[in-house]
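All remarks here apply to the structure that follows.
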Amino acid sequence: MAPDGLSPTTATERRCSVNHNVPSLTGHRSSLLVSHVPGTVKEWGSVRVDVAAGKILAGFLQLARRAALLATQTQPSPTGTSAWSQEDVDDLVMDTIVRVSTDKVVLAAIQAANDAQFYAWLRKVTRTTLDIRSRKTSGGKVIQAVYKALHEDTERFGYEAKAGYWRLVDDDREPSWSGGITRLVEVAWSVETPTTTLKGSATQAGRLANREDTRAVAEAVLEVAGPLAKADLAELIAHRFNVAFTEEFRSLSGDGDNDEEEPPVPEQSAIDDVNLDDAAKWLLEQLSSEERDLLRDRASGTVRDLVRPGRGRSTVAKLSKRLEEKVRLIADRLGEDRRDVVARALHILGQEVTSEHSTDQDDGDLDDS
Amino acid sequence: MTVIWMTPDPLTRRLAQLSWPEPATDRPNPKPGQLWRAAWGKTAVVVVVVGAAEGRRVEVVATSGEPVGDDSTIAVDTEVGLRPTVWSRLRSQIGVFTLDQRLGDLTAESWAALRDGETLEALGQWAPIVSDLDDRALVVADLEDRLRSLVEAEWLPMATPGEPLRVLLERSGLTVSALAQILDITPGSARRLAQALREATEEERARMAVLFGVPADDGVTFDEELVAVLDQPTARPSVWRWAEARDLDDEGAARRDLATAVLALAARPRDPRGGKNWAALIEEIVNAG
């Protein structure tokens with residue numbers, strides 16, 4: 001028996017027509033006709049089982065350190081060197097656990113079906129810690145992004161530095177929004193934008209789009225709410241553009257005059273002037289890792305394998321819808337003659353897969369098959 | 001919390017200074033207000049039991065460890081330090097047998113808030129999801145998939161098309177011994193098959209279809225009370241021990257195999273004083289290996 005998860009099923013998986021009657025147990029065969037999905041077999045010697053019971057043993061330390069080492073492979077150490085010391089790695093492990101909180105670590109172990117799934121979660125939250133450290137997704141970064149975007153268009157947006165409020169230039173209302181965040185989040189989502197995630201973009205197209213779309217959403221929100229505090233507007237922008245953030249916005253400053261981490265947007269650039277590679281990379285930046293996987297799988301034509309452990313029917317349907325919508329929005333922004341962007345994006349994805357295989361080779365023994 | 005204390009590993013000492021929850025990890029009868037891990041196949045989900053078990057099903061609500069929600073979610077507290085986010089609109093009836101371990105009980109305040117429909121939206125914390133491009137939509141889709149796996153889970157034998165094997169044997173005049181030879185199994189195994197005391201394997205089904213010209217239904221059913229006992233979370237460790245002893249990777253197959261063995265044991269002449277104590281029979285046969 002596999003000590004960790006299931007080996008390929010030996011269960012019968014006969015598919016019968018589905019009968020929605022309640023199973024009858026009075027000596028008659030059950031009338032509930034569904035295919036037998038392999039059941040759960042107890043895991044023996046599993047790190048996940050220990051953590052799920054609140055036991056933090058050597059196995060967990062090993063797994064957490066392994067996740068941290070993998071996440072840091074392409075990142076400079078806190079001291080700026082390429083090599084991470086054991087202390088650096090342990091600090092990252094501690095920072096991650098403190099950031100997500102211990103009860104979430106235990107919940108993640110409980111929610112995982114096996115060590116492979118728990119390890120995937122550890123890798124994801126460790127990478128997020130690194131992203132936050134590098135200020136890619138922190139609240140302060142969002143405040144900066146909003147400042148840069150709105151400050152470019154002083155004909156539409158005005159900033160009251162003393163009070164810390166953003167307003168539309170032609171809006172003379174007093175700051176008085178008391179309608180809560182819910183209504184404003186809905187307003188933010190009513191604005192259709194090809195930008196769906198507001199991380200720092202490495203592409204000219206992305207930087208152009210980030211600022212243009214931030215302005216579009218900000219305008220819609222400010223029209224409804226009137227003047228808003230910079231932290232409130234930034235929080236709404238973060239909600240709208242799926243930015244993972246854990247810091248309290250209100251404790252942050254940052255008007256965008258420092259920490260210029262991305263190249264400035266060229267003046268008088270139009271988004272449809274960007275080259276094919278830039279546009280394709282921008283498309284890929286807007287995709288989550290799950291969407292990239294699905295795009296690869298669909299391109300390879302393996303429709304049957306789209307549904308698999310960790311990616312069920314609802315998830316595939318949702319990812320497919322999101323993928324189509326994101327491609328449509330970006331293609332619409334670039335113009336009809338730029339449909340080649342998707343093909344180029346697939347080519348870049350293919351090159352990334354080759355590169356990732358060589359990076360992830362040490363994870364072969366935590367296969368979730 | 002259990003932590004390796006007396007080691008020179010500095011990370012261990014740092015982790016030990018944090019406060020860690022201590023889930024209950026027991027298997028009582030499920031009751032409303034309890035937080036459970038439910039699992040089947042490669043799917044696991046943390047759920048809150050919100051209804052009393054009805055027959056083989058129990059009503060639950062899905063939770064997530066992610067600190068996100070929508071207008072239907074509420075963060076709840078438990079008496080063991082876990083603080084999941086409950087998605088109150090993701091509610092389903094799942095098989096009782098998919099419940100794995102109780103993790104703890106919701107605090108009285110949290111259970112009252114959940115029962116009364118108080119949500120984080122009412123507290124102004126999470127807005128509704130109005131776009132598929134909202135990443136929270138993926139959290140919902142994932143929870144829907146997990147719940148669906150548990151709703152669709154089943155271990156009872158499936159009805160197969162075809163005529164009852166008993167009828168086919170009578171009609172053909174084939175003896176059990178002859179059936180044993182054709183299927184290349186022992187006479188005892190053939191007899192159990194003919195008496196609907198065990199399921200036919202895929203290979204046996206294929207051979208019988210050729211033999212009789214039609215599919216054969218082995219007709220295996222299990223006693224309702226036996227099923228009820230095996231469905232309980234308390235039976236799960238016994239099922240796993242049985243599965244390990246027989247090198248069975250699939251819990252559904254292990255349950256059917258165990259149920260078949262228990263039925264065979266129950267069919268033997270036993271102490272005439274008592275009725276069938278299914279729980280005791282299960283323990284007896286599992287301990288016997």
Side-chain angles (χ1 to χ4, degrees), chain A residues 1-2 5-7 9-12 14 16 23 25-34 36-42 52-58 61 90 93-94 97 102-104 106-108 110-114 180-182 185-186 189 196 239 242 309 312-315 318 321-322 325, chain B residues 1-4 9 11-12 14-15 18-23 25 37 39-46 56 65 81-84 103 121 124 127 130-135 137-138 141-142 144-145 148-149 152-156 158-160 202 221 224 227 240 243-244 247 249-253:
Chain A
M1 185 190 311
L6 296 174
S7 59
T9 177
T10 56
T12 54
R14 290 159 280 161
C16 306
L25 299 175
T26 55
H28 299 287
R29 176 62 58 83
S30 166
S31 58
L32 183 63
L33 304 178
V34 297
H36 271 138
V37 177
T40 306
V41 177
K42 180 169 172 56
K55 297 177 185 174
I56 307 303
L57 304 177
L61 301 185
D90 286 357
V93 170
M94 275 302 291
I97 291 172
T102 55
D103 82 291
K104 298 300 184 286
V106 174
L107 276 171
I110 293 169
Q111 184 109 329
N114 50 42
I181 193 173
T182 300
V185 169
E186 290 180 329
W189 276 107
T196 52
H239 271 292
N242 293 309
R313 293 203 303 268
S314 295
T315 301
K318 193 65 66 179
K321 212 170 171 184
R322 284 163 57 101
E325 187 65 6
Chain B
M1 179 202 52
T2 301
V3 177
I4 302 175
D9 192 328
L11 181 57
T12 305
R14 293 169 74 183
L15 288 174
L18 301 176
S19 172
W20 291 85
E22 295 187 37
T25 66
R37 179 180 190 259
W40 194 259
K42 289 191 179 181
T43 299
V45 63
V46 178
R56 301 186 66 220
L82 294 172
R83 203 165 187 269
L103 304 170
E121 195 274 337
V130 297
S131 169
D132 285 331
L133 298 181
D134 189 330
D135 285 352
L138 291 177
D142 178 59
E144 286 175 344
D145 285 330
R148 182 185 304 110
S149 290
E152 294 177 353
E154 181 55 84
W155 66 268
L156 289 181
M158 292 189 300
T160 50
E202 286 295 329
T221 59
E224 184 177 331
V227 171
W240 290 330
E244 189 186 14
D247 199 24
D249 291 324
D250 169 49
E251 183 172 339

Are any non-hydrogen side-chain atoms of [X] and [Y] less than 4.5 angstrom apart?
| X | Y | answer |
| --- | --- | --- |
| A:Asp103 | B:Trp20 | no |
| B:Arg14 | A:Val93 | no |
| B:Leu15 | A:Leu61 | yes |
| A:Gln111 | B:Arg37 | no |

For the student: nearest non-hydrogen atoms of [X] and [Y], plus distance:
| X | Y | value |
| --- | --- | --- |
| B:Gly65 | A:Lys104 | O-CD, 2.8 Å |
| B:Pro23 | A:Gly54 | CD-N, 4.0 Å |
| B:Asp145 | A:Ser314 | OD1-N, 2.7 Å |
| A:Val106 | B:Pro21 | CG2-CG, 3.6 Å |

Enter the distance from [X]:[atom1] to [Y]:[atom2] here, rounded to the nearest 0.5 Å.
| X | Y | atom1 | atom2 | value |
| --- | --- | --- | --- | --- |
| B:Leu18 | A:Ile97 | CG | CD1 | 7.0 Å |
| B:Leu82 | A:Leu107 | CG | CG | 4.5 Å |
| A:Asn242 | B:Asp134 | CG | CG | 5.5 Å |

* Hey, which of B:Leu138, B:Leu133, B:Val45 has the most heavy atom pairs under 4.5 Å with chain A? -> B:Leu133
* Asked: With respect to chain A, which residue among B:Leu103, B:Val46, B:Thr25 yields the maximal number of heavy-atom pairs within a distance under 4.5 Å?
  -> B:Val46
* Side chain, backbone, both or neither: which part of B:Val130 has an atom under 4.5 Å from a heavy atom of chain A? -> side chain
* To do: Using side chain to side chain donor-acceptor pair (under 3.5 Å) as the criterion, list what pairs up with B:Asp132, not counting sequence neighbours.
  => A:Lys318, A:Lys321
* Within the distance-only criterion (no hydrogens, no angle test), does the side chain of A:Thr102 pair as donor or acceptor with the backbone N or O of B:Ser19 below 3.5 angstrom? -> yes
* Would you say the side chains of A:Thr315 and B:Asp142 form a donor-acceptor pair under 3.5 Å? ->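 No, because no side-chain N or O of A:Thr315 sits under 3.5 Å from a partner of the opposite role on B:Asp142.
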* For A:Ala53, is it the side chain, the backbone, both or neither that has a heavy atom under 4.5 Å from a heavy atom of chain B? ->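 Both parts, backbone and side chain.
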